[in-house]
Structures are given as structure tokens and as C-alpha cells.
There are 4 protein chains.
Amino acid sequence: MRATRGRTFTETGRRAQIVAAAVETIAEVGYQQASFAKIAKKAGLSSTGMISYHFTGKEDLVRAVAEDVVATVTAFMRERIEAAVGRAARLRAYVESNIEVVGAHPAHVRALLSILAGERSGADTSVLTERVGRLEAELRDGQRAGEFGDFDPAVMALAITGAIDALVTSLCREPATDASLTHSAKELADLLLRAAGARGSAS
Amino acid sequence: MRATRGRTFTETGRRAQIVAAAVETIAEVGYQQASFAKIAKKAGLSSTGMISYHFTGKEDLVRAVAEDVVATVTAFMRERIEAAVGRAARLRAYVESNIEVVGAHPAHVRALLSILAGERSGADTSVLTERVGRLEAELRDGQRAGEFGDFDPAVMALAITGAIDALVTSLCREPATDASLTHSAKELADLLLRAAGARGSAS
Amino acid sequence: MRATRGRTFTETGRRAQIVAAAVETIAEVGYQQASFAKIAKKAGLSSTGMISYHFTGKEDLVRAVAEDVVATVTAFMRERIEAAVGRAARLRAYVESNIEVVGAHPAHVRALLSILAGERSGADTSVLTERVGRLEAELRDGQRAGEFGDFDPAVMALAITGAIDALVTSLCREPATDASLTHSAKELADLLLRAAGARGSAS
Amino acid sequence: MRATRGRTFTETGRRAQIVAAAVETIAEVGYQQASFAKIAKKAGLSSTGMISYHFTGKEDLVRAVAEDVVATVTAFMRERIEAAVGRAARLRAYVESNIEVVGAHPAHVRALLSILAGERSGADTSVLTERVGRLEAELRDGQRAGEFGDFDPAVMALAITGAIDALVTSLCREPATDASLTHSAKELADLLLRAAGARGSAS
DNA sequence: AATGAATGAGGATTCATTCAT
DNA sequence: TATGAATGAATCCTCATTCAT
């Protein structure tokens with residue numbers, strides 16, 4: 001059996017190659033249509049057996065894909081968020097960078113959206129809930145700090161997440177220009193900060 | 001046979017029965033997992049051939065299902081929306097009734113969400129775009145009337161739609177009490193009206 | 001039950017309509033692909049039940065189609081053959097008219113070829129054997145009359161039939177001009193008369 | 001695995017086994033009735049999935065079958081044709097060996113005829129046209145060499161091919177004795193050589 | 001560590017036919 | 001006489017997974 005120690009996002013050799021092919025495939029044909037056969041073909045593998053050898057099942061592969069994509073997207077967003085000062089600015093950075101990552105990693109974003117859509121009607125909702133949970137905690141902190149208005153942080157977290165995903169989905173459909181991307185990102189951030197009753201949230 | 005002319009939502013006999021079974025099946029197992037075999041079983045049909053007899057293909061059946069569900073949901077929402085006076089109140093009614101319909105027609109909503117999720121990664125996006133388009137027009141009108149603030153109506157329409165769907169999805173996952181449903185609905189309406197800069201939007 | 005007395009080629013009402021639609025359908029999509037559904041559609045019928053009602057089964061329908069087509073083709077050929085004087089001239093007329101009927105009744109010929117092709121690998125070979133048998137008798141008569149050379153009439157009949165069908169098939173594939181049709185017909189007749197050692201067979 | 005590069009007729013392992021089973025099946029029940037299920041059964045396979053694994057689709061399998069059968073038949077004919085001296089003798093050898101191969105490889109011939117019949121009413125006519133084209137070229141050469149009379153080589157090639165197939169079909173229907181096979185072959189060659197105006201074509 | 005052949009269930013769809021009305 | 005709904009077997013094909021090598 002393969003070594004599992006310490007491996008999280010950064011896969012080794014074949015695994016990484018398969019995950020990369022899976023990301024591309026899912027981005028192209030969608031989560032449900034992404035069969036082992038298609039992924040193997042894109043990876044230049046001669047059989048699907050290879051995939052089953054490295055992954056327990058489709059579930060396992062998808063989890064690995066999700067981890068990889070989330071890591072990529074998170075890395076992009078983190079530096080923008082950490083550069084922001086104050087809760088409101090952080091929220092703005094969160095929203096805007098989440099939109100702008102479409103321009104930087106279109107395939108990854110597309111794949112993630114497709115996986116999330118599948119998850120919504122599926123059993124495993126770990127990626128989904130973890131993401132919303134983290135945002136909710138952040139919002140709660142902001143409220144405690146008095147930088148946000150009064151709202152139910154669970155509802156707000158879901159609303160923000162849903163709004164972002166809807167916009168991202170729309171932007172993914174037809175390739176948007178950088179300008180329109182930036183515009184949409186700012187618009188969305190503006191309206192969500194208003195919703196959150198953020199103090200001093202001028203962009 | 002009963003009249004087939006003018007048939008839109010209200011299907012005749014067997015067709016209606018199949019659509020109803022499809023709604024239930026999609027609500028239970030999701031759009032992608034809803035095979036003809038499962039639907040036929042739920043409808044008490046002896047073979048899948050019957051479905052193919054009444055519907056051109058899966059696409060055709062899903063369209064019929066979408067029409068049926070949209071009709072049901074729309075009927076529920078319409079009376080609440082039409083009872084509202086003023087743009088802001090209408091928007092609030094739109095949002096709240098869209099959430100509350102989960103309590104009234106849980107299976108229909110679940111099915112619709114699953115179909116929409118599939119549409120997002122699919123070709124036919126008619127249901128999706130029509131829904132967002134209608135809301136966008138409504139928002140634009142509200143801005144002209146001076147009852148909403150300044151925002152890009154396209155982005156706002158997507159944001160509202162996405163926020164609603166995210167909350168509905170969450171509420172669908174585990175059966176919520178009426179109280180929590182009402183609470184969530186009001187919370188979401190509050191925050192979205194803030195986002196829209198609605199004047200005089202106290203619930 | 002429907003009256004069956006005296007009916008041979010000339011069908012009555014519905015039957016004739018269905019046969020006509022079947023001829024067209026077989027000509028267009030081929031014998032094997034010509035399903036009841038397609039024939040019903042072309043006939044403007046709302047269900048296939050109608051066909052099953054008028055015909056015992058597919059076999060029965062195809063037999064009726066064959067009779068109809070053979071009658072049409074035979075009528076075209078007969079007047080040309082009967083106008084010819086002498087065995088050799090009759091054979092020439094047989095061959096040439098068999099080719100030229102492609103120009104006059106393309107759909108019928110196409111349908112007949114498709115049915116014959118199916119018959120070749122099927123059980124019922126009545127149309128096929130009857131046709132060859134008649135020609136064989138004719139050839140045998142010609143030999144007795146001393147107007148043909150020495151050959152096995154069974155083999156010759158098969159050879160002539162096969163040669164005609166191969167040419168007709170080729171001519172059916174892409175629509176031929178009248179000129180090329182006439183040229184091919186004369187060429188084939190020439191070579192087959194040579195094969196039969198026909199005396200005084202100048203066209 | 002054995003080399004798959006350069007694979008044409010001689011298939012490797014399972015592929016060859018499936019092709020062989022397909023030949024037998026097509027010979028028995030005909031091209032159209034030869035389903036994957038029947039072929040799998042004859043091949044001793046547990047499911048039709050195996051066939052789909054080795055062949056892209058039915059089309060692909062049939063192409064492989066055609067190649068295999070054509071190779072077998074061609075090999076049989078080639079040595080007889082190459083032993084002949086002179087154009088007329090070559091044509092005689094072509095015709096006679098084409099008939100006599102029925103005795104040597106009945107199943108292969110039957111399968112080929114069924115496939116060709118299907119091709120006549122189908123889209124892919126590559127096997128058919130290639131075969132006729134090669135014969136046409138041969139005839140044209142013979143005419144240039146002055147060993148054949150005057151005729152349209154395209155028509156003659158079709159006539160010869162059609163005559164052969166008709167006779168072969170007839171001989172395939174009920175198992176013929178070697179004697180009658182030889183007789184029919186000689187008869188057909190005689191008459192076709194007469195048709196071609198071959199000089200010095202005494203058998 | 002890797003391969004690719006094999007599996008068998010399940011996918012949608014088409015088919016000729018039957019039957020109650 | 002005619003209809004159209006119902007049937008269920010059969011079509012090809014794809015799927016994730018397993019297993020011997």
C-alpha cells in the first residue's frame with residue numbers, strides 16, 4: 001500500500017498527476033460526467049485501474065481534488081485577506097478575492113463549483129460546511145468587535161457564500177474580462193458589506 | 001384522451017403521475033441519481049419504457065418536472081408577493097416566501113434545487129437565467145422608482161438568488177421547524193434589503 | 001376483422017396508406033431501420049397500434065410492401081418487354097427496363113433492394129426465388145428456341161439478377177442522370193447478351 | 001501484452017476471440033440480428049461489457065470482422081489467382097476461386113455477404129467500393145492489353161461482383177456439394193468471360 | 001508500483017405487439 | 001373500425017471496481 005504519512009494537499013508523483021487531470025476533467029465536463037475513463041485519458045493513463053490503485057474510490061479522488069483546489073484558491077485569497085486591516089476590509093478582501101480568483105485559476109474554480117453543486121445534493125458536505133463555518137466564525141468575531149451590525153451570523157455566512165458562488169458561476173459561464181471581473185467583485189463586496197452593516201467599509 | 005393542447009404544467013393522467021414520481025425521486029436521491037428505473041418504480045410502473053413512451057427523453061421529463069415545480073413554487077410565492085405594497089415590501093415578500101415555501105412544499109423545493117444545481121454545470125440554463133432575469137428587471141424598476149439604492153442590478157439579482165438558494169439548501173438538509181424557518185427568512189430578507197438600500201423596509 | 005377477399009396488390013384505404021408510407025420509409029432508412037414508429041409517423045398515424053391492427057406483424061407488412069413494389073416495377077418493365085420481338089430483344093428489354101425503372105420509381109426500387117438484401121440473410125426468400133425462377137424459365141425457353149447459347153440457366157439467371165441488382169444499387173446511391181442511366185443500362189444489356197450467347201442482339 | 005502496433009487482421013488474444021465469435025454469429029443469424037449479447041455468449045464471455053471494452057462500438061467490431069474475413073477470403077483467392085497466366089485466366093481464377101471459397105470457409109463467406117448486404121443500405125461502403133474498384137482497375141488493364149473486348153469497366157466490375165455474390169448467396173443457402181460448387185464456378189466464369197469478350201479463355 | 005483485462009450492474013432508449021376502450 | 005396506452009424484452013454502451021500478473 002502507498003504511504004499516507006504527512007500527505008495532505010501536496011500529492012506525490014502519480015497521485016498529483018491524477019488529481020491534476022481530474023481537476024481539468026471536472027472543469028470541462030462537470031463533476032457527474034467526470035468518469036475515471038475520461039480522467040485516465042486526460043492523464044495519459046492507459047487504464048482506469050491506475051486510478052483505483054491510488055485512490056480508494058471516486059469519493060476519495062474527489063476529496064483529494066477538493067483539497068487541491070481549495071488549497072490553490074485559499075492561497076490566492078489568503079495573501080489578499082491578510083493584507084487587509086480591519087474586519088470590514090477583511091470581509092471585502094474575502095469577497096473580492098473570491099471573485100477575482102476566477103481570472104487567475106479558472107479551471108480550479110470551475111471544478112470546485114461543480115463539486116460543491118454535487119455536494120449540495122449529496123451525502124458528504126464537508127467542504128461546504130467547513131467553508132461556511134469558517135466564515136460564520138469570522139463574522140461572529142466581527143460582531144463582537146463591534147465592526148458589524150446585528151444579524152444572524154449563520155444566515156449571513158450562508159448568504160455571502162451563496163451570493164459569491166452564484167456570481168462566480170455566472171462569470172465562469174462565459175469568460176469575463178478582467179475589468180468586468182473587478183467591477184463585479186467590487187459591486188458584490190459593496191452590497192454584502194452594506195448587508196453586514198459594516199462600519200467604514202469604503203473600498 | 002383528454003385535451004393535450006395547451007398542456008403546460010397540468011399534465012394529463014399518466015404524464016402527471018410520472019412527473020409527480022420524478023419530483024419525489026429527484027427530491028430523494030438528487031437529479032443525477034434519479035434514473036428512469038427509480039422513477040418508474042416510484043410511479044408503480046412496470047417498466048421504464050412507459051416513461052420513454054410519454055417523454056421524448058430524460059431532458060423532456062426534467063423540463064416537465066421543472067415546469068411543474070416552478071409552477072407550484074411560483075403559485076405559493078405569488079400571492080404573498082402580490083399582497084405586498086411597495087418595492088421594498090415586494091422584495092421582502094419575494095425573499096421570505098422563497099424561504100418559507102420550503103415548509104410548504106419541501107419535496108418540490110428539494111427537486112428544484114437539485115435540477116438547478118445540475119443546470120449550473122449543464123447546457124440548458126433556461127430556468128436559471130429566466131429566474132435571475134426577472135428579478136433583475138424588478139430591481140431595475142425599483143431603482144428607477146427611487147426605492148432602492150445604487151447598485152448593479154445584474155450583480156444584485158445574482159447575489160439575492162444565490163443567497164436564497166444557499167439558505168434554502170441548508171434548510172432542506174435537515175427538516176427545520178416553522179419557527180426557525182420564519183426566523184431565517186426574516187433574517188435573510190433583512191440583510192438583503194439592507195444590501196439593496198431599501199427605504200422604509202422595516203418588516 | 002378486415003375483409004381479405006380478393007385483395008392482392010391494390011390495397012384498400014388505410015392499408016394502402018400504410019404500405020405507401022412503408023415504401024417511403026424503407027427507401028429512406030432501409031429495411032432494418034424501418035420501425036413501425038417511423039412508418040406510422042410518415043403515414044400521419046398517431047400510434048403504431050394502427051399498423052398492428054391492419055397487419056399481422058412486420059412480416060405481413062413487408063410482404064404487402066414487396067407485393068406493391070414488385071407490382072409497380074413489373075408494370076413498368078412489362079410494357080417494355082412485351083414490345084420486344086425475339087428472345088434476345090426480350091432479354092435486353094428485361095435488363096434495360098430493370099435499370100431504367102430506377103429513374104421512374106426511385107423510392108420503390110430503393111425499397112425493393114433493401115428488402116431483397118434483408119431477405120438474402122433471412123428466412124423468407126419468396127420474392128427472391130420467384131424472380132430468379134421466372135427468369136430461369138425464360139432463359140431455358142430461349143435456349144430451346146436456339147436463340148441463346150449453351151449455359152446453365154440456373155447460374156445464368158442468378159448472374160443476371162445479381163448483376164442487375166449490383167448496378168441498380170450503385171445507381172441508387174447517388175442520383176444518376178437519365179443519360180448515364182441509359183448508358184449503364186445498354187452496357188449491362190450488351191454484356192449480359194454476350195454472356196448468354198444471344199444471336200442477333202444488336203440494340 | 002503482445003504488440004498492438006501494426007495490428008490489422010491478426011488480432012491479439014481476446015480481440016481475436018471476439019472477432020471469431022462475431023464471424024460465427026453473423027454467419028448464423030445475420031448481421032442485423034447479431035447482437036453483442038449473442039456474440040458474447042458464443043465467445044463464452046460473461047457480459048457484453050467486455051466487447052465494448054475491446055471495441056469502440058458495434059461499428060468498430062464489424063470493421064474488425066470485415067477485415068478478418070476479407071483477409072481470409074483474399075488469402076484463399078490470391079494463390080489461385082497468382083497461379084494463373086494471362087488476363088483472362090486471372091479473371092477466371094478470380095471468379096472461380098471466389099465461388100469455391102464457399103466450400104473452404106463457409107462461415108466467413110456467409111458473414112461477409114451479410115455484412116455487404118447491410119452495407120448496401122448503410123453509410124459505410126468502404127469494403128464494397130474498394131472491392132469493385134480493384135476489379136475495375138484490373139479489367140481496365142486487361143482492355144489496354146487487348147485481352148478483353150470493349151465495355152465500360154465500371155459497369156463490368158459491378159456486374160461481375162453482383163453475379164458472384166448472387167451465386168454465392170444461393171450456394172450458401174443450402175450446403176452444396178463440392179461437385180456442384182465446381183460446376184457452378186466454371187459456369188459462372190465461362191459466362192462472365194464471354195461477357196468480357198476474353199480471348200483464349202477456354203477453361 | 002503498476003498494468004490492463006475482466007466484471008456485472010445499471011444507463012437511456014427503441015422495439016413489435018397487446019388490449020381495453 | 002380505430003385508438004393510444006401499456007408492456008417488457010432487447011438494444012448498445014458506460015460505469016467504478018477488482019484481480020492476476
Side-chain angles (χ1 to χ4, degrees), chain A residues 1-3 12-15 32-40 45-61, chain B residues 1-2 4 12-15 17-18 32-40 43-61, chain C residues 1-3 12-15 32-40 45-61, chain D residues 1-2 4 12-15 17-18 32-40 43-61:
Chain A
M1 236 310 190
R2 64 200 148 72
T12 60
R14 260 302 196 284
R15 263 184 81 96
Q32 292 287 351
Q33 280 67 41
S35 65
F36 276 20
K38 287 175 189 158
I39 294 169
L45 267 39
S46 57
S47 94
T48 65
M50 187 80 273
I51 300 179
S52 286
Y53 175 74
H54 282 287
F55 298 88
T56 302
K58 194 171 189 181
E59 211 172 304
D60 187 30
L61 171 57
Chain B
M1 192 201 184
R2 270 175 288 165
T4 46
T12 63
R14 226 359 162 252
R15 260 185 85 98
Q17 177 190 358
I18 294 172
Q32 292 287 350
Q33 279 67 40
S35 66
F36 274 22
K38 288 175 189 159
I39 294 169
L45 266 38
S46 60
S47 85
T48 67
M50 190 75 274
I51 301 180
S52 288
Y53 175 75
H54 283 287
F55 298 89
T56 302
K58 192 169 190 182
E59 212 172 301
D60 188 30
L61 172 57
Chain C
M1 234 315 189
R2 64 199 147 71
T12 60
R14 260 305 195 285
R15 264 183 82 96
Q32 293 287 351
Q33 279 66 41
S35 66
F36 277 19
K38 286 175 189 158
I39 294 168
L45 267 39
S46 58
S47 95
T48 65
M50 186 81 274
I51 301 179
S52 287
Y53 175 74
H54 282 287
F55 298 89
T56 302
K58 193 170 190 181
E59 212 172 301
D60 188 31
L61 170 58
Chain D
M1 192 200 184
R2 268 176 287 167
T4 47
T12 62
R14 239 333 177 265
R15 258 185 87 97
Q17 176 190 358
I18 294 172
Q32 292 287 351
Q33 279 68 40
S35 66
F36 275 21
K38 288 175 188 159
I39 295 169
L45 266 38
S46 59
S47 84
T48 67
M50 190 75 273
I51 301 180
S52 288
Y53 175 75
H54 282 287
F55 298 89
T56 302
K58 194 170 190 182
E59 213 172 301
D60 189 29
L61 172 57

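Side-chain atoms are counted along with the backbone in the values below, which use heavy atoms only and exclude waters and symmetry mates. The chains referred to below are lettered A, B, ... by the order of the sequence lines, with proteins before strands, and numbering in each begins at 1.
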Separation of [X] atom [atom1] from [N] atom [atom2], in whole Å?
| X | N | atom1 | atom2 | answer |
| --- | --- | --- | --- | --- |
| D:Q33 | F:dA9 | CD | C1' | 15 Å |
| D:K38 | F:dC12 | NZ | C1' | 14 Å |
| B:L61 | E:dG11 | CG | P | 14 Å |
| D:K58 | F:dT14 | NZ | C1' | 18 Å |
| D:M50 | F:dT18 | CE | C1' | 13 Å |
| B:I39 | E:dT13 | CD1 | P | 11 Å |
| D:I51 | F:dT11 | CD1 | C1' | 13 Å |
| D:Q32 | E:dT14 | CD | C1' | 14 Å |

Kindly give the heavy-atom pair with the smallest separation between [X] and [Y], and that separation in Å.
| X | Y | result |
| --- | --- | --- |
| C:R15 | C:D60 | NH1-OD2, 4.5 Å |
| D:F55 | D:I18 | CE1-CG2, 3.7 Å |
| A:Q33 | A:K38 | O-NZ, 2.9 Å |
| D:S47 | D:A40 | O-CB, 3.9 Å |
| C:S52 | C:F36 | OG-CE2, 3.7 Å |

Can a side chain N or O of [X] be found less than 4.0 Å away from OP1 or OP2 on [N]?
| X | N | answer |
| --- | --- | --- |
| C:H54 | F:dT1 | no |
| C:R14 | F:dA2 | no |
| B:S46 | F:dG8 | yes |

base_contact_polar (F:dC13 base, D:T48 side chain, donor-acceptor, <3.5 Å):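 Counting by modelled atom types and ignoring angles, a donor-acceptor contact under 3.5 Å is found here.
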Under-3.5 Å donor-acceptor pair between D:Y53 side chain and E:dA6 base: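 Answer is no: no donor-acceptor pair is held.
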Touch class at under 4.0 angstrom, heavy-atom based, for C:F36 against every strand present: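 Base contact.
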Closest-nucleotide ordering on DNA chain E, the 5'-leading residue of D:G44 and C:A37: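 Its nearest nucleotide lies further toward 5', so the answer is D:G44.
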Residue whose closest nucleotide on DNA chain E lies nearer the 5' end, C:S52 versus D:S47: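 By nearest-heavy-atom nucleotide position, the 5'-most residue is D:S47.
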Position toward the 5' end of DNA chain F (nearest nucleotide), D:A34 or B:L45: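 Looking at DNA chain F, the more 5' nearest nucleotide goes with B:L45.
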5'-most by nearest nucleotide on DNA chain F - B:G49 or D:G49: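 Closer to the 5' end of DNA chain F: B:G49.
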Identity of whatever pairs with F:dA20 - Watson-Crick or G-U, under 3.5 angstrom: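 Result: E:dT3.
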